[in-house]
K.L.:
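Take a look at this one; I'll ask things after.
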Amino acid sequence: MRYRSRTALCAAVLLCAAPAAAQETPVRSEVTGAVDMIVREMTPLFEAAGVPADRFMSREHLTGPVAEALPLLNADRDIDGEWDTSVHFEFDTTRAPEGLPPEPDGLTVLDDARDCVEEDKEFLEVVHFRRYVREEMRGYQCVLLFKGVEPGTWVLVSRGFAEGGGRRMSGWLGIGMNTPADGARARQSLIDHIEGVVALSAAIDDYALALFLMRDRTDGALSQDEALARLDRVRRALESSTPVRPGTAQ
């Protein structure tokens, strides 16, 4: 799948759910479902590195940061009528010691942040952009905000990419908010949770980078002890609900 097509795909996936009646308290199932999705996508990366996922990234570790990232409205205080929050997460890694074919879309953004919205720039707003370097891998995180097709719908997407040393990883976390009676409320709800989305996505990237760099230890760019120390730092940051930015878990 081409890198940039993920934004359109994310929007389509997020808009499949129909609005639900507003709840008096945050919908716990939304948080649980998002946590399960992230764990399901990340577990193979832990397994490939020979590291127990539940030691460093259990559901308990993720629940707080995920709740901080999701806009869950309160019927009494926030909105009248119907609303819906949808979440989707995907993650891919590729390892080729002999070298990888170039990924022009991802590499172009590394060199020029403006290319993060080169397509459909009139519809997409960049609300966060960060580059980082980890050993021989260069990467970035780009968070986009845009209006959905359905009335009252807005979408927040965090796209990530890193490449170097025969390794490549990419992923995206998308959160959609639908308030049919008040589209401006959906947009503001997502804006209010940008910091949580940035922090959650950054923590996921830190996990993935540490695991990815310790794989294939014969030529791994990171020793097992170094990687485990970084994973433990990310875990402790998640437990305190203050995930570290990519490249800072030393």
Side-chain angles (χ1 to χ4, degrees), residues 2-15 30 34 37-38 41-42 62 64-72 85-92 103 105-134 137-148 153-163 169-178 183-184 186-209 234 237-238 241-249:
R2 296 293 290 173
Y3 177 73
R4 284 180 180 157
S5 67
R6 293 182 182 275
T7 301
L9 175 61
C10 182
V13 170
L14 292 170
L15 298 181
E30 295 282 359
M37 186 184 305
I38 292 171
E41 289 284 331
M42 294 294 291
L62 285 169
V66 168
E68 289 293 320
L70 295 188
L72 300 172
T85 297
S86 302
V87 184
H88 195 76
F89 173 73
E90 285 190 12
F91 206 88
D92 298 303
E103 173 54 86
D105 291 338
L107 293 175
T108 299
V109 179
L110 277 175
D111 295 330
D112 187 350
R114 292 172 298 180
D115 199 59
C116 190
V117 290
E118 187 63 26
E119 291 186 358
D120 301 322
K121 62 177 62 178
E122 66 271 28
F123 304 111
L124 303 176
E125 177 183 356
V126 178
V127 295
H128 175 84
F129 185 87
R130 176 182 294 270
R131 292 185 183 89
Y132 56 87
V133 177
R134 177 65 59 79
M137 294 187 71
R138 297 170 59 221
Y140 69 83
Q141 177 189 20
C142 178
V143 183
L144 304 168
L145 177 68
F146 57 95
K147 188 175 183 179
T153 299
W154 283 81
V155 180
L156 191 64
V157 177
S158 176
R159 307 192 312 191
F161 177 88
E163 184 171 282
M169 73 174 201
S170 62
W172 56 275
L173 171 68
I175 298 176
M177 188 74 197
N178 179 249
R187 183 179 189 277
Q188 187 59 50
S189 294
L190 289 175
I191 289 174
D192 291 343
H193 287 79
I194 288 173
E195 184 175 347
V197 171
V198 168
L200 176 62
S201 299
I204 291 171
D205 283 350
D206 248 339
Y207 273 126
L209 285 164
V234 183
L238 280 174
S241 296
T242 56
V244 294
R245 297 288 192 267
T248 61

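Along the sequence shown, residues carry numbers from 1.
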K.L.:
What's the shortest heavy-atom distance between Gln141 and Val197, and which atoms?
P.N.:
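Closest approach of Gln141 to Val197, heavy atoms only: NE2-O, 4.3 Å.
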K.L.:
For residues Leu173 and Val157, determine if any side-chain heavy atom of one lies less than 4.5 Å from a side-chain heavy atom of the other.
P.N.:
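No, their side chains stay 4.5 Å or more apart.
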K.L.:
Mind listing the closest non-hydrogen atom pair of Leu209 and Met137 along with its distance?
P.N.:
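In terms of heavy atoms, the two residues are closest at CD2-SD, 4.1 Å.
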K.L.:
Distance check, rounded to the nearest 0.5 Å: Phe91 atom CZ versus Ser170 atom OG?
P.N.:
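Rounded to the nearest 0.5 Å, the CZ-OG separation comes to 7.5 Å.
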K.L.:
Please step through side chain to side chain contact (heavy atoms under 4.5 Å, CB included) for the pair His193 and Gln188, ending with a clear verdict.
P.N.:
CA-CA 9 Å; His193 287 79; Gln188 187 59 50; over 6 Å; no
K.L.:
Dump the intermediate steps for side chain to side chain contact (heavy atoms under 4.5 Å, CB included) on Val126 and Val143, then the final yes or no.
P.N.:
CA-CA 6 Å; Val126 178; Val143 183; over 6 Å; no
K.L.:
Is the shortest heavy-atom distance from the side chain of Asp205 to the side chain of Tyr132 under 4.5 Å?
P.N.:
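Answer yes - side chains close enough.
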K.L.:
If you take all heavy atoms of Ala69 and Ile175, which pair is closest and at what distance?
P.N.:
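In this case the closest contact between Ala69 and Ile175 is O-CD1, 3.4 Å.
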K.L.:
How many angstroms lie between CZ in Phe89 and CE in Met42, if you round to the nearest 0.5 Å?
P.N.:
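Interatomic distance, Phe89 CZ to Met42 CE, rounded to 0.5 Å: 5.5 Å.
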K.L.:
Quick check for you: to the nearest 0.5 Å, what is the distance between Met169 atom CE and Ile204 atom CD1?
P.N.:
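Answer for the CE-CD1 pair, Met169 versus Ile204, is 10.0 Å.
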K.L.:
Should Val155 and Met177 count as side-chain neighbours, where that means a heavy-atom distance under 4.5 Å?
P.N.:
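No; the side chains remain at least 4.5 Å from each other.
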K.L.:
Indicate the atoms forming the closest heavy-atom contact of Val87 with Met37, along with that distance.
P.N.:
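Taking every non-hydrogen atom into account, O-CE, 3.4 Å.
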K.L.:
Decide, yes or no, whether a salt bridge links Arg159 with Glu90 under the criterion of side-chain N to carboxylate O below 4.0 Å.
P.N.:
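A salt bridge is absent here (no side-chain N lies under 4.0 Å from a carboxylate O).
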K.L.:
In Å, rounded to the nearest 0.5 Å, how long is the span from CG of Leu190 to CG of Leu156?
P.N.:
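Those atoms lie 5.5 Å apart.
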K.L.:
Any side-chain heavy atom of Trp172 within less than 4.5 Å of one from His88?
P.N.:
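Yes, side chains in contact.
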K.L.:
Please find out if less than 6.0 Å separates the ring center of Tyr140 from that of Phe129.
P.N.:
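Distance test on ring centres: under 6.0 Å, yes.
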K.L.:
Let me confirm one number: the CZ-CZ distance from Phe161 to Arg131, rounded to the nearest 0.5 Å.
P.N.:
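Between atom CZ of Phe161 and atom CZ of Arg131 there are 13.0 Å.
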K.L.:
Going from CD1 on Ile194 to CG on Leu145, what distance comes out if it is rounded to the nearest 0.5 angstrom?
P.N.:
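Here the rounded value is 6.0 Å.
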K.L.:
Are any of the side-chain heavy atoms of Val198 and Val127 separated by less than 4.5 Å?
P.N.:
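When only atoms from C-beta onward are counted, Val127 and Val198 do not touch, as no gap falls below 4.5 Å.
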